[in-house]
Asker: 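Here it is: the structure, laid out below.
Counting starts at 1 for both ligands and their atoms, in listed order.
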Amino acid sequence: MGQLDGRTVLITGAARGIGAACAHRLAADGARLVLADLDPGVEKVARELGQVAIRADVTRRDDIVRMVEEPYRRWGRLDVLFNNAGVIRVQPMLDVSEAEWDRVMTVNLRAVFFVLQAVSRRMVRQDPIAGSELRGKLIQTASIASYRGGNHLMTPYSASKAGVVSLTRSAAQALARERITSNCVCPGAVETAMWEQIDKEWGALEGLGQGEAWKRRIRGIPLGRPERPEDVAKVVAFLAGPDSDYMTGQALNVDGGLVMGN
Ligand SMILES: NC(=O)c1ccc[n+]([C@@H]2O[C@H](COP(=O)([O-])OP(=O)(O)OC[C@H]3O[C@@H](n4cnc5c(N)ncnc54)[C@H](O)[C@@H]3O)[C@@H](O)[C@H]2O)c1
């Protein structure tokens with residue numbers, strides 16, 4: 001018996017990285033998954049796991065409607081949302097254009113809110129999860145960048161993630177009476193395609209060779225190794241499962257201690 005047996009979960013940004021690792025972990029724990037991403041790679045992940053893929057851009061209203069409809073069409077309910085898709089850009093604060101600000105905010109904050117809202121509007125009308133007093137669970141991916149110092153090279157990104165923590169708490173308050181919880185994870189420096197991009201952009205700004213910016217960042221991790229997507233997946237599995245049912249409005253750092261600095 002898995003701790004998520006039969007639970008239905010929608011994961012955004014599931015084609016790779018943290019989203020794909022969570023898909024693997026939650027499937028192993030018994031969940032039924034709808035995996036959403038604009039990257040066609042999501043179909044491969046779903047095929048490997050015997051789960052459902054949906055190509056969707058979380059910034060588009062029609063795609064949100066289609067994506068949220070999918071678990072209701074198939075299973076009549078959605079127990080857990082893992083609202084995870086995100087983008088980044090590393091550049092000096094003085095160079096940030098309005099277009100770049102909007103791009104990052106649109107994916108990381110606006111879309112996270114409207115996906116959460118669309119899911120919540122359905123969840124409030126459904127019966128409780130089997131064997132639980134809760135109707136549903138919302139989980140967002142924020143970041144320690146939302147409050148860690150030294151983020152002037154990713155100003156819009158850090159602001160968007162602080163916004164994700166804030167809306168996680170607003171949703172927790174708004175939906176507690178409906179027996180829907182809302183929490184977020186705050187990863188540190190995770191070995192994914194996003195960090196390959198950060199390494200490249202940061203390296204170019206500071207004249208560093210490939211891999212140097214990454215080495216600098218992981219040097220400061222108290223637990224002494226880079227974070228793997230699977231480290232985040234373990235905490236997401238906890239938040240998706242019954243053991244976290246009495247938690248809401250929380251932002252959990254999963255960062256090997258990086259937020260403490262060194
Ligand atoms: N990698 C890290 O160090 C780190 C640290 C803290 C937080 N995070 C956050 O974790 C989440 C996952 O990041 P990751 O490291 O796995 O990055 P990643 O780039 O490997 O994966 C992100 C996924 O989101 C998808 N995506 C992007 N825009 C989308 C859109 N408009 N619609 C649908 N899908 C879209 C991408 O196609 C990709 O599959 C992001 O929210 C990121 O900000 C990452």
Asker: Using a 4.0 angstrom limit on heavy atoms, which residues are close to ligand 1?
Answerer: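 Heavy-atom contacts below 4.0 Å: Gly13, Ala15, Arg16, Gly17, Ile18, Asp37, Leu38, Asp39, Ala56, Asp57, Val58, Thr59, Asn84, Ala85, Gly86, Val87, Val107, Thr141, Ala142, Ser143, Tyr157, Lys161, Pro187, Gly188, Ala189, Val190, Thr192, Ala193, Met194, Trp195.
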
Asker: Sort and list the pairs that fulfil salt bridge (charged side-chain N to carboxylate O under 4.0 Å, His left out) and have at least one residue in residues 175-199, not counting sequence neighbours.
Answerer: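 Listed once each, the pairs are Arg135-Glu178.
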
Asker: Check residues 114-121 and write down every donor-acceptor pair under 3.5 Å in which the side-chain atom is one partner and the other belongs to a residue at least two apart or another chain.
Answerer:
{"unit_1": "Ser120", "atom_1": "OG", "unit_2": "Leu116", "atom_2": "O", "d": "2.7"}

Asker: Could you pull out all donor-acceptor pairs under 3.5 Å where a side-chain atom in residues 90-100 meets a protein atom, sequence neighbours excluded?
Answerer:
{"unit_1": "Ser97", "atom_1": "OG", "unit_2": "Glu100", "atom_2": "N", "d": "3.1"}
{"unit_1": "Glu100", "atom_1": "OE2", "unit_2": "Arg103", "atom_2": "NE", "d": "3.2"}
{"unit_1": "Glu100", "atom_1": "OE2", "unit_2": "Arg103", "atom_2": "NH2", "d": "3.0"}

Asker: Would you say CZ of Arg216 has more than 12 non-hydrogen atoms from neighbouring residues, nucleotides or ligands within 6.0 angstrom?
Answerer: no

Asker: Among Asp79, Asn183, Asp245, find the residue that satisfies the side chain to side chain donor-acceptor pair (under 3.5 Å) test when tested with Lys137.
Answerer: Asp245

Asker: Are Arg122 and Tyr72 in a cation-pi setup, meaning NZ or CZ lies under 6.0 angstrom from the ring centre and within 45 degrees of the ring axis?
Answerer: yes

